[in-house]
Amino acid sequence: MHTQWEAVIGLEIHTQLATQSKIFSGAATAYGAEPNTQACAVDLGLPGVLPVLNQEAVRMAVTFGLAIDAEIAPQSVFARKNYFYPDLPKGYQISQYELPIVGKGHLDIEVDGQSKRIGVTRAHLEEDAGKSLHEDFHGLSGIDLNRAGTPLLEIVSDPDLRSAKEAVAYMRKLHELVRYLEICDGNMQEGSFRCDANVSVRPKGQAEYGTRVEIKNINSFKFVEKAINHEIERHIDVLESGGKIVQETRLYDANKDETRSMRSKEEANDYRYFPDPDLLPVVVTEELKQQILATLPELPEAKKQRFAAQYGLDAETAATLTSSRELADYYENLVKLSGCEAKLCGNWVCGDLLGALNKAGLEISQCPVQSERLAGLLKRIADNTISGKIGKQVFDKLWNSTLSADEIIEQEGLVQITDTAAIEAIIDAIIAANPGQVEQYRAGKDKVFGFFVGQAMKQTQGKANPDEVNKILRAKLSN
Amino acid sequence: MSLTATDVKKIAYLARLGIAEQDIEHYAQDLSGILDLMTQMGQLDTQGVQPMSHPLDQTQRLRPDQVTETDQRGNFQLIAPQTEAGLYLVPKVIE
């Protein structure tokens, strides 16, 4: 008999906070600068320097805590995590250990239509390390310390996740949230949002956890899912063949779709944390908490519910439209500016607009068709100046130019022909030219009707009002 | 509590300190003495006393989020043993 296995997963997510300067120094955090041009004496760990905490990093951490309904520590403490690596010049990372700034909170995810509450154990502030480049520098490693000292909020989940799918849903939810809160740009290519996963497997029904393995630095949603699934499979294989899982850190190799051992955790884990004597306890007053609470934006879940209710959208459309704050704002602007039916706007945004953005690999913030211009197009569809089909042509032109919809419709002569006499004349000519098809239709071959519609649309370059064409054709053919 | 020679070697390794073999016994005694003092302090009744994380009874001052540092790479790299293409070069480390 096959044992039923259950996976237990917890995620540690490092979000880079979107501050201008570093967490403990006045050096810039901008991405992509020349190596070491944004690494000051504090970031380099030169003797005699002292860290001074960035108030914006504190505000952002508290903002996050309040958004997940977490306890905010009235006093939190920075600690030194000691280890030696060349991209960490001080020999310790300033982090938080026993008293993190954000305590227990939670986040609700949805998987296969089921809602599930995932606990957040804690979130703490810490500094990022620099980058090591192992390309050939004559057998040496190159160190770039621009990233050293960049503020991170490490968000640790409870081991509440039971599948790779749940883990991805949680990660996406968190990604959406930090961008809504504008505390992190969420750019995964640039490493602003990174994930480590703790994975273990146990027989279903067993209360104790199995031995866990940490998978490091999995930097896309796709890889998180693959890496976790791969690791679960590996655990089950080992356990079913009578083996034992070793507690260790593993790296996911996307090219081979496998994880491999990085280092044994027991030795590396001896970080000898202690309170950093260079930093005093951080106090978050009730007053500051209230101030930050008052500035919290409408959160994704609330916005989704409101969109469904206010605009009469189905759950999926509402979820898509509220997947980022920018997209939600775009949509609401479009509804307001076009004065069109909310559903029509929703279909255009979720269909043509997102399709075009995806194809071009662009974010909504980089969209070449601003909501004003799309509103101009939707107005003309709503007032029957053009058909929905011609609308798609106009949209392509909007995308590739800076003209307004009205200018494009005018220039291209796309105004819909609603003049019944004009359409009748065209249809008369088609009927006269195709006596064979007319006979077939009258003999009961209904399919031929489509042929006539096609001809009419072709001869009017799609500009004839389709409803009119249908009506006139039916009338004339049945004579 | 008393530390063994193995403990001392491990602590020295974690801190990347080079210690001479003949000094190990001496370190073990000294460090054990410190730990004994801790044990003695641990016997005090500290119920209701808030743990102290810093000897100064003050709270952290915060700094406005402004970029105040300019690029000093040229100066900093004057004291570096080896640099190339703006990078600090170090003996190769691969995990």
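Numbers restart at 1 for each chain; the letters A, B, ... are given by sequence-line order, proteins then strands.
- Each of A:Ala79, A:Pro86, A:Ala33 has some count of heavy-atom pairs under 4.5 Å with chain B, and the biggest count is that of A:Pro86.
- For the pair B:Asp65 (side chain) and A:Asn54 (backbone), a donor-acceptor distance under 3.5 Å is absent.
- Annotation for A:Glu190: atom CD counts as buried by contact number, over 12 foreign heavy atoms lying within 6.0 Å.
- When all heavy atoms are compared, the tightest approach of A:Pro281 to B:Gln58 is CD-O, 3.6 Å.
- Only the backbone of A:Ser25 comes within less than 4.5 Å of a heavy atom in chain B; its side chain stays farther off.
- For the pair B:Leu14 and A:Asn82, the minimum side-chain heavy-atom distance is 4.5 Å or more.
- Of the atoms belonging to A:Val77, it is side-chain heavy atoms, and not backbone ones, that fall under 4.5 Å from chain B.
- The distance from the NE2 atom of A:His138 to the CG atom of B:Leu89 is 6.5 Å, given to the nearest 0.5 Å.
- A 6.0 Å sphere centred on CG of B:Asn75 holds more than 12 heavy atoms belonging to other residues, nucleotides or ligands.
- Annotation: B:Met41, atom CE; neighbour count of heavy atoms from other residues, nucleotides and ligands within 6.0 Å is above 12.
- With a 4.5 Å cut-off on non-hydrogen atoms, A:Lys131 does not touch chain B at all.
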Acceptor/donor pairs from residues 45-55 of chain B side chains to any protein atom, 3.5 angstrom cut, sequence neighbours excluded:
{"unit_1": "B:Asp45", "atom_1": "OD1", "unit_2": "B:Gln47", "atom_2": "N", "d": "3.1"}
{"unit_1": "B:His54", "atom_1": "ND1", "unit_2": "B:Leu56", "atom_2": "N", "d": "3.0"}
{"unit_1": "B:His54", "atom_1": "NE2", "unit_2": "A:Pro277", "atom_2": "O", "d": "2.8"}

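- Among A:Leu140, A:Ile143, A:Asp87, the one residue that satisfies the side-chain contact (heavy atoms from CB on, under 4.5 Å) test with B:Tyr88 is A:Ile143.
- Separation of atoms CD (B:Gln60) and CG (A:Asp278) is listed at 9.5 Å; rounding is to 0.5 Å.
- For chain B, the nearby part of A:Phe24 is the backbone; its heavy atoms alone come within less than 4.5 Å.
- Considering B:Glu69, B:Gln66, B:Arg63 as possible partners of A:Ser21, the one that fulfils the side-chain hydrogen bond (donor to acceptor under 3.5 Å, both in side chains) test is B:Arg63.
- Heavy-atom contacts from other residues, nucleotides or ligands closer than 6.0 Å to OH of A:Tyr97 number 12 or fewer.
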For this session: Show your reasoning for whether salt bridge (charged side-chain N to carboxylate O under 4.0 Å, His left out) applies to B:Lys10 and A:Asp270.
Result: CA-CA 10 Å; B:Lys10 188 182 175 209; A:Asp270 209 340; 3.0 Å; yes
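- Note that the OG1 atom of B:Thr59 and the CG atom of A:Leu279 stand 12.0 Å from one another [nearest 0.5 Å].
- Scanning residues 285-296 of chain A against chain B with a 4.5 Å non-hydrogen threshold yields no residues.
- Of the listed residues (A:Ala28, A:Pro275, A:Ala57, A:Ser132), the one with the most heavy-atom contacts under 4.5 Å to chain B is A:Ala28.
- Within a 6.0 Å sphere centred on CZ of B:Arg16, other residues, nucleotides and ligands contribute more than 12 heavy atoms.
- Against chain B, the residues from residues 36-44 of chain A that qualify, each with a non-hydrogen atom under 4.5 angstrom away, are A:Asn36, A:Thr37, A:Ala39, A:Cys40, A:Ala41, A:Leu44 in number order.
- Proximity to chain B (any heavy atom under 4.5 Å) is restricted, for A:Leu133, to the side chain, taken from C-beta onward.
- At a heavy-atom cut-off of under 4.5 Å, chain A is reached by no residue from residues 19-30 of chain B.
- Contacts with chain A were tallied for B:Thr68, B:Ile79, B:Leu62; B:Leu62 has the most, counting heavy-atom pairs under 4.5 Å.
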